[in-house]
Amino acid sequence: MNVFTIFTDRVKEAIGKCALTARDGSELDLSRVIVEPPRDAAHGDLATNAAMVLSKQIGMKPRDVAEKIAAQLIEDKDIDRVDVAGPGFINMALSDDFWRGLVVSIVKAGKDFGRCNLGGGDKINVEYVSANPTGPMHVGHTRGAVLGDCVANLLDFAGYDVCREYYINDAGAQVDVLARSAFLRYCEALGDDIGTIPDGLYPGDYLVPVGEALAKEHGDKLKKASEEEWLPLVRAFAVDAMMEMIRGDLAALNVEHDVFFSERSLIHGDKDRVKEAIDWLADKGQVYVGTLPPPKGQLPDDWEDREQTLFRSTAFGDDIDRPLKKSDGSNTYFANDIAYHFDKFKRGYSKQVDILGADHGGYVKRLKSAVAAITEGKGGLEVKICQLVNLMRNGEQLKMSKRAGNFITLRDVVEEVGVDAVRFMMMYRKSEVTIDFDFAKVTEQSKDNPVFYVQYAHARTASIFRQAASEVPHLAVGIEDLVNADLSGINDELELALIRKLSEYPRIVEGAAETQEPHRVAFYLYDLAGYFHAVWNKGKEMPQLRFINVKDEKMTLARLALVQAAANVISSGLGLLGVSAPEEMR
RNA sequence: GGCCCCUUAGCUCAGUUGGAUAGAGCAGCUGACUUCUAAUCAGCAGGUCGCAGGUUCGAAUCCUGCAGGGGUCGCCA
């Protein structure tokens with residue numbers, strides 16, 4: 001169904017028939033031969049680099065090779081015209097009938113158009129969000145959440161068996177701080193005057209109900225207990241409450257996970273999996289006790305030279321070996337993370353993707369080296385780093401401070417601008433560049449806002465069908481009717497351009513899945529919507545091009561098929577981004 | 001100082017893994033609404049792809065160096 005892969009095969013077939021041989025007598029290497037849309041539409045529908053890629057192997061000039069291949073290609077009934085151009089490009093123009101037939105295929109394929117088998121059913125694990133369970137999700141988390149969700153959607157569509165996973169960081173010092181903060185609220189709920197929240201504890205009001213719930217469940221029992229006794233209890237309770245809140249936040253963003261994995265369970269589960277992982281590495285000689293050189297440049301104030309347990313990550317491409325134990329003997333975050341990635345590998349995910357924030361950029365090398373070591377090169381990890389989001393209002397940056405408690409939450413944003421706009425805007429940018437997210441602009445339901453532009457195009461497709469139902473009510477326009485429509489009358493330039501654009505969708509999806517770059521889908525949709533709007537508007541100047549023509553039901557049905565194809569692709573693409581495809585804009 | 005990311009039109013950004021004459025949107029200018037919902041469309045104008053080398057048939061894209069911006073650098077996660 002992907003036009004470009006279909007013709008890549010046909011080009012390779014044609015090369016086979018040309019009796020071209022490599023200079024050294026070996027088989028021709030066709031791996032770099034590709035068929036793409038030419039940059040300039042005037043060059044035709046498809047272009048291949050075959051001649052340029054092969055000329056060196058064959059020992060002929062690119063243009064001469066091109067001429068030979070071209071002579072074969074012109075035999076193809078779907079190819080109308082073949083030209084050799086520039087340094088040796090072979091440009092092909094496909095027959096209008098081929099393009100018209102494609103509309104029928106898209107309508108037939110329905111929701112499956114664009115699906116591919118890149119993954120071949122392989123298991124892949126995508127870990128995203130993994131925000132600390134110490135408070136509500138803020139805007140900073142939003143981008144990673146949407147990115148991870150869209151990447152997972154893409155991989156699923158591209159034929160992977162995807163697991164969406166959230167790693168709950170419930171083992172470190174932060175959750176102890178959370179417990180103490182919740183305990184304070186518990187005392188407050190029992191009537192104590194707690195005054196201002198001390199530095200170092202979480203001040204947010206969201207812990208008030210947690211304190212109240214604790215008071216309800218335990219009365220004043222915990223106050224009489226020692227911290228050693230109440231802390232694990234309160235911690236578990238507070239973490240559960242925070243996770244429930246975070247799940248709610250994620251739900252508001254239409255983000256779902258299959259697995260919530262507890263960091264604590266690695267250590268305090270049936271066995272100590274962190275120790276297990278480290279022992280395993282030690283067995284392989286990748287763990288040792290030694291000292292690290294201090295960082296270059298400015299030396300930290302409290303630097304002391306100290307022996308520690310280190311993982312030999314430099315053996316796997318890292319710049320420096322990495323500590324596994326803190327000075328108090330507990331595990332570093334990294335040590336636990338090694339065990340976690342080991343666990344994912346043992347669960348069958350030889351392919352893993354982690355979505356991390358920009359502040360974790362320095363963590364990527366050690367993570368990759370850990371996965372390389374622990375899977376003995378059999379497991380692969382891709383790390384996507386996503387940059388910060390600058391929240392703006394009317395061109396001015398909003399300053400946030402978690403300590404002052406005035407940070408803007410994910411909920412705030414979703415409530416103000418809506419989930420569709422948030423998600424689309426987050427994906428309307430490469431993940432590695434910072435986003436200026438201006439409330440004023442995103443809220444304004446207007447031209448400055450691409451999400452409405454795309455949704456409007458979809459709404460218009462629905463509008464046409466509503467219109468058809470009222471103007472030509474007896475005309476049957478079910479999928480079977482559209483599939484059997486006679487499309488021979490569709491020959492306007494803009495209509496054919498729209499069909500060509502639709503044909504690119506599978507290729508866009510495949511590229512986006514391969515590179516884990518959902519923004520490609522967003523940009524494609526914007527582009528596609530433009531083609532659709534153009535066809536719509538042309539019907540105003542030239543009434544014979546209107547989708548609905550009461551006097552010509554054959555043409556109407558043909559155009560409805562085209563509209564249906566466009567609707568399929570737009571709603572499919574928006575679906576991958578987790579954005580709704582509305583029937584009307586209200 | 002080490003490592004990672006970014007630098008493309010006045011502004012915000014794409015650029016199909018190295019292809020042909022580098023593209024959108026916004027802002028500016030000219031036009032199209034008794035509509036298939038104009039939340040749209042047609043057109044004009046706008047460029048030393050940060051700078052300098054290198055690799056090759058061919059570079060915004062790959063390599064090296066430099067400049068500017070951001071992130072990060074043992075016991076935070």
Side-chain angles (χ1 to χ4, degrees), chain A residues 4 34 36-40 42-43 47 49 52 55-56 61-62 85-89 91 130-132 134 167 169 171-174 263 291-298 300 302-304 306 308 310 318-320 322-323 325-330 332-334 336-337 357-365 385 387-388 428-430 432-436 438 441 444-450 452-453 455-457 459-460 463-468 471 504 507-508 511-512 514-515 519-520 522-524 526-527 529-530 532-541 546-548 563 584-586:
Chain A
F4 303 94
I34 50 169
E36 299 179 300
R39 183 160 297 199
D40 188 340
H43 293 135
N49 61 353
M52 290 175 291
S55 68
K56 207 174 255 179
K61 285 184 191 160
F89 283 104
N91 295 324
S130 300
N132 283 344
T134 55
Y167 182 49
N169 301 135
Q174 294 303 315
E263 179 184 7
T291 57
L292 284 177
K296 296 267 163 55
Q298 216 176 2
D302 56 347
W303 177 267
E304 54 172 309
R306 187 170 75 70
Q308 46 190 345
L310 299 167
D318 202 355
D319 308 311
I320 196 168
R322 303 291 178 174
K325 297 279 182 196
K326 299 182 195 173
S327 52
D328 68 358
S330 62
T332 57
Y333 180 81
F334 178 52
N336 292 352
D337 223 2
D359 51 341
H360 292 68
Y363 195 63
V364 176
K365 278 190 183 176
I385 291 292
Q387 271 295 343
L388 309 171
Y428 200 59
R429 203 115 309 180
K430 287 191 291 208
E432 56 274 358
V433 304
T434 56
I435 296 182
D436 287 337
D438 195 316
K441 280 187 187 164
E444 189 187 349
Q445 304 204 343
S446 73
K447 46 202 167 180
D448 217 11
N449 197 337
F452 294 109
Y453 183 82
Q455 288 186 316
Y456 184 42
R460 275 181 155 177
S463 155
I464 292 161
F465 277 93
R466 283 194 296 271
Q467 194 70 27
E471 284 189 30
E504 288 177 24
R507 188 179 129 78
I508 297 294
E514 242 170 4
T515 54
H519 75 272
R520 295 188 187 201
F523 279 97
Y524 167 77
Y526 186 85
D527 203 17
F532 182 76
H533 287 310
V535 173
W536 173 295
N537 271 73
K538 199 166 177 185
K540 285 186 174 183
E541 294 159 34
R546 292 164 75 95
F547 295 113
I548 298 168
V563 171
E584 53 183 341
M585 304 294 280
R586 288 294 174 215

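Convention: sequence-line order gives letters A, B, ...; per-chain numbering from 1. All figures in this text were calculated on a predicted structure; none of them were measured in a lab.
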Practice item. Check the distance between B:rA24's P and A:His519's NE2 and give it to me in whole angstrom. Key: 18 Å
Point to revise | Base B:rU40 to side chain A:Asn537, donor-acceptor N/O within 3.5 Å cut-off | key: yes
**Study point:** Gap in Å between the two P atoms, one belonging to B:rG43 and one to B:rG23, rounded
**Key:** 15 Å
Under 3.5 Å, which N/O atoms of the protein pair with N/O atoms of nucleotides 75-77 of chain B?
residue: B:rC75; atom: O2; partner: A:Ser327; partner atom: OG; Å: 2.3
residue: B:rC76; atom: O2'; partner: A:Gln174; partner atom: NE2; Å: 3.1
residue: B:rA77; atom: OP1; partner: A:Ala173; partner atom: N; Å: 2.8
residue: B:rA77; atom: O3'; partner: A:Asn132; partner atom: OD1; Å: 3.3
residue: B:rA77; atom: O3'; partner: A:Asn169; partner atom: OD1; Å: 3.3
residue: B:rA77; atom: O2'; partner: A:Asn132; partner atom: OD1; Å: 2.8
residue: B:rA77; atom: O2'; partner: A:Asn169; partner atom: OD1; Å: 3.1
residue: B:rA77; atom: N3; partner: A:His360; partner atom: NE2; Å: 2.7

Exercise for review: Please work out which of the three classes, parallel, tilted or perpendicular, describes the rings of A:Tyr428 and A:Tyr526, given edges at 30° and 60°.
Suggested key: tilted
Practice item. Would you kindly give the OH-to-P distance between A:Tyr428 and B:rC26, to the nearest whole Å? Key: 10 Å
Short heteroatom pairs, N/O only, protein and nucleotides 2-8 of chain B, under 3.5 Å:
residue: B:rC3; atom: O3'; partner: A:Lys365; partner atom: NZ; Å: 3.4
residue: B:rC5; atom: O2'; partner: A:Glu432; partner atom: O; Å: 3.3

Exercise for review: Please report, rounded to the nearest Å, how far the P atom of B:rU16 is from the CZ atom of A:Phe89.
Suggested key: 14 Å
Point to revise | Partners meeting salt bridge (Lys or Arg N to Asp or Glu O under 4.0 Å) with A:Glu471 (sequence neighbours left out) | key: none
Review point. So what does the secondary structure string of RNA chain B come out as, 5' to 3', with Watson-Crick or wobble pairs under 3.5 angstrom, [ ] for crossing and | for pairs with another strand?
Key: (((((((..((((.....[...)))).(((((.......))))).....(((((..]....))))))))))))....
Review point. Does A:Asp436 or A:Asp40 map to a spot on RNA chain B nearer the 5' end, using the closest nucleotide for each?
Key: A:Asp436
Can you pull every protein N or O that's under 3.5 Å from an N or O on nucleotides 57-59 of chain B?
residue: B:rC57; atom: OP1; partner: A:Lys56; partner atom: NZ; Å: 3.4

Practice item. Check every strand shown and say whether A:Ala131 touches a base, only sugar-phosphate, or nothing at a heavy-atom separation below 4.0 Å. Key: nothing
**Study point:** Which residue lies more 5' along RNA chain B, comparing A:Ile435 with A:Ile464 via nearest heavy atoms
**Key:** A:Ile435
Exercise for review: Using a 4.0 Å heavy-atom cut-off across all strands, classify A:Arg507 as base, sugar-phosphate, or nothing.
Suggested key: base
Review point. Does A:Tyr526 put a side-chain nitrogen or oxygen below 4.0 Å from OP1 or OP2 of B:rG15?
Key: no
Check your understanding: Got A:Tyr333 and A:Asn169 here, is their nearest side-chain heavy-atom distance under 4.5 Å?
Key -> yes
Exercise for review: Return the set of residues passing salt bridge (Lys or Arg N to Asp or Glu O under 4.0 Å) with A:Asp436 (not counting sequence neighbours), or none when no residue passes.
Suggested key: none
Review point. Just by distance, with hydrogens left out, do A:Arg520 and A:Tyr524 show a side-chain donor and acceptor under 3.5 Å apart?
Key: no
Revision key, fill the gap. In whole angstroms, the gap separating P of B:rC73 from CD1 of A:Ile320 amounts to 13 Å
Exercise for review: Pick the C1' atom in B:rC13 and in B:rU72, then give their distance to the nearest Å.
Suggested key: 26 Å
Review point. Roughly how many Å is it from CG in A:Asp318 to C1' in B:rU72, rounded to a whole number?
Key: 13 Å
